[in-house]
Amino acid sequence: MPKYSIPIRDSLVVGHADPDGDSLSSVKAVLGHIRAGGKRAMAKVCGKVPDHLAWILPEEDLVEDMPDAEQTIILDCGPDRVGFEVVGLVLNIDHHDTRKGEHDPKTLTYVLDRCSVAAALILDFGLRDDILLVGLYDDTKFFRSWGELNKCFRLIKVSDERAHALLSACRPTRYKKALVALKSAETYWCKNRFLLAEIEESDPVVVSEVMETLFRYSESVCLIDGSGRARLRTSNEALDLGAIAKMFGGGGHPFAAACDTNGRRTAFVGLIKQQIGRASCRERV
């Protein structure tokens with residue numbers, strides 16, 4: 001039996017502005033859940049949806065306003081990050097560490113210790129929509145809990161063909177360019193299995209694919225691309241990458257963050273080595 005339930009009411013369902021795969025797939029799954037209960041549900045999205053994820057929420061699911069909605073369901077963020085002012089009854093489901101103290105089912109605020117909102121919807125709310133596979137694979141906290149992911153995969157009954165179609169559609173496809181970027185990358189292994197890498201490529205889709213590939217090599221990665229943008233990811237709970245990025249005008253949370261290093265690359269690399277440990281060796285991936 002699910003631990004929590006989503007009230008079946010006419011609903012406006014939203015995620016954070018500039019949504020990622022976890023936010024979009026969670027919104028889509030909740031739309032289906034409300035509609036299966038016989039009520040109306042529509043989604044609102046603010047900011048830019050990544051081109052490779054635009055298929056998740058087609059135009060017929062989207063509205064600018066739904067004044068007769070009985071509740072607003074906010075997923076993968078708090079009300080301050082949806083991109084508009086929320087009024088009326090709010091059900092909020094999130095998983096970000098910075099909001100743990102806000103968990104309060106009495107006020108319909110659920111901040112759950114899960115690797116993604118998709119995982120929370122499956123394990124805590126009992127949703128079984130296979131679109132949630134996108135959220136399971138897309139969120140930056142994916143590598144924190146393999147056991148948790150296994151539970152989700154067992155509960156979602158989906159054929160190999162369907163799973164392959166979903167994940168192929170949500171993943172960037174420029175593997176060849178990513179491979180070229182990786183072959184020419186300058187990489188340094190630091191202490192604590194922290195990988196520091198620099199590439200000349202700046203295409204954000206290719207850079208994202210490079211980041212995903214490097215993250216399979218190490219539990220922590222800092223990738224500096226050709227534009228000077230630094231992306232940081234880790235599954236090590238002892239590190240706080242958001243604090244490092246904030247020192248250079250960026251932001252994020254402890255497990256994923258980003259900042260610009262233009263004009264300050266040497267200082268940034270020095271800080272990374274100071275925080276993580278001096279580079280012990282240099283090698284190609």
Side-chain angles (χ1 to χ4, degrees), residues 1-6 11 13-37 41 43-45 49-50 52-58 61 72-78 81-82 91-100 103 105 108-160 162-172 208 212 215 233 235 252-253 255-256:
M1 290 291 294
K3 186 176 182 180
Y4 305 116
S5 63
I6 296 176
S11 303
V13 187
V14 300
H16 56 75
D18 301 320
D20 57 10
D22 187 28
S23 181
L24 291 168
S25 65
S26 296
V27 168
K28 183 66 173 179
V30 170
L31 288 179
H33 177 71
I34 296 294
R35 291 168 179 172
K44 180 174 180 175
V45 175
V49 176
H52 64 284
L53 299 174
W55 58 275
I56 296 176
L57 286 175
D61 282 339
T72 299
I73 302 175
I74 300 173
L75 304 167
D76 202 25
C77 68
R81 290 195 59 208
V82 299
L91 166 65
N92 186 199
I93 304 173
D94 197 4
H95 73 118
H96 290 98
D97 297 324
T98 54
R99 300 189 62 212
K100 278 184 179 178
H103 179 76
L108 298 181
T109 300
Y110 304 89
V111 183
L112 302 167
D113 186 17
R114 297 295 186 188
C115 62
S116 61
V117 167
L121 292 175
I122 295 167
L123 298 175
D124 300 298
F125 290 86
L127 273 63
R128 299 291 184 264
D129 195 324
D130 59 19
I131 193 65
L132 293 171
L133 285 173
V134 175
L136 292 176
Y137 274 92
D138 189 70
D139 199 85
T140 53
K141 290 169 126 182
F142 174 92
F143 288 93
R144 284 189 61 188
S145 178
W146 180 243
E148 183 174 284
L149 289 165
N150 270 332
K151 290 180 185 178
C152 293
F153 296 152
R154 287 196 300 268
L155 289 168
I156 293 185
K157 306 300 182 183
V158 58
S159 67
D160 290 344
R162 172 63 173 164
H164 178 75
L166 281 170
L167 298 179
S168 296
C170 79
R171 305 288 288 175
S208 293
E212 292 294 335
F215 203 36
R233 287 181 62 174
S235 58
H253 55 71
F255 297 95

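Below, all heavy atoms of this structure are taken into account, side chains as well, without hydrogens, waters or symmetry copies. The residues of the chain are indexed from 1 along the displayed sequence.
S26 and V117 make their closest contact through OG-CG1, 3.5 Å (heavy atoms, listed as atom of the first residue, atom of the second, distance). Contact record, V49 with P19: CG2-CG, 3.9 Å, taken as the closest heavy-atom pair. Across every non-hydrogen atom of N92 and C77, the tightest pair is ND2-O, 2.7 Å. Residues E148 and D113 approach most closely at OE1-O, 3.8 Å, considering heavy atoms. Considering every non-hydrogen atom in both G21 and V134, the closest pair reads O-CG1, 4.0 Å. Nearest heavy-atom pair, P105 versus Y110, reported as atom, atom and distance to 0.1 Å: CB-CE2, 3.7 Å.
Checked by atom type and distance alone, the side chain of R128 pairs as donor or acceptor with a backbone atom of I122 at under 3.5 Å. The backbone N or O of R81 sits nowhere less than 3.5 Å from a side-chain atom of H16 that would complete a donor-acceptor pair.
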TODO: Please report the C-alpha distance between V27 and I56 in whole Å, then the side-chain angles of each, then the deciding distance to 0.1 Å, and finally whether the side-chain contact (heavy atoms from CB on, under 4.5 Å) criterion is met.
DONE: CA-CA 9 Å; V27 168; I56 296 176; over 6 Å; no
TODO: Show your reasoning for whether side-chain contact (heavy atoms from CB on, under 4.5 Å) applies to F125 and L112.
DONE: CA-CA 11 Å; F125 290 86; L112 302 167; 3.9 Å; yes
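Taking CG from L108 and OG1 from T72, the interatomic distance works out to 12.0 Å, rounded to the nearest 0.5 Å. From S5, atom OG reaches atom CG of D124 across 12.0 Å, with rounding to the nearest 0.5 Å. In this structure, CD1 on I6 lies 5.0 Å from NE2 on H33, to the nearest 0.5 angstrom. I93 contributes atom CD1, which lies 10.0 Å from atom OG1 of T109 (distance to the nearest 0.5 angstrom). Taking OG of S116 as the reference point, atom CG of L75 lies at 11.5 Å (rounded to 0.5 Å). Once rounded to the nearest 0.5 Å, the distance linking CZ of R99 with NE2 of H253 reads 13.5 Å.
Remark: D129 pairs with no residue by the salt bridge (Lys or Arg N to Asp or Glu O under 4.0 Å) rule, at least two apart or across chains. Partners of R35 under the side chain to side chain contact (heavy atoms under 4.5 Å, CB included) rule, at least two apart in sequence or in another chain, are L31, A41, M42, D61. Shown here are the side chain to side chain contact (heavy atoms under 4.5 Å, CB included) partners of D130, two or more places apart in sequence or in another chain: I156, V158, R162, L166.
Two residues are said to be in side-chain contact when any heavy atoms from C-beta on lie closer than 4.5 Å; D76 and D94 meet this criterion. Put simply, the side chain of I34 reaches to within 4.5 Å of the side chain of I73, judged on heavy atoms. At a threshold of 4.5 Å between non-hydrogen side-chain atoms, the residues H96 and V111 do not count as touching.
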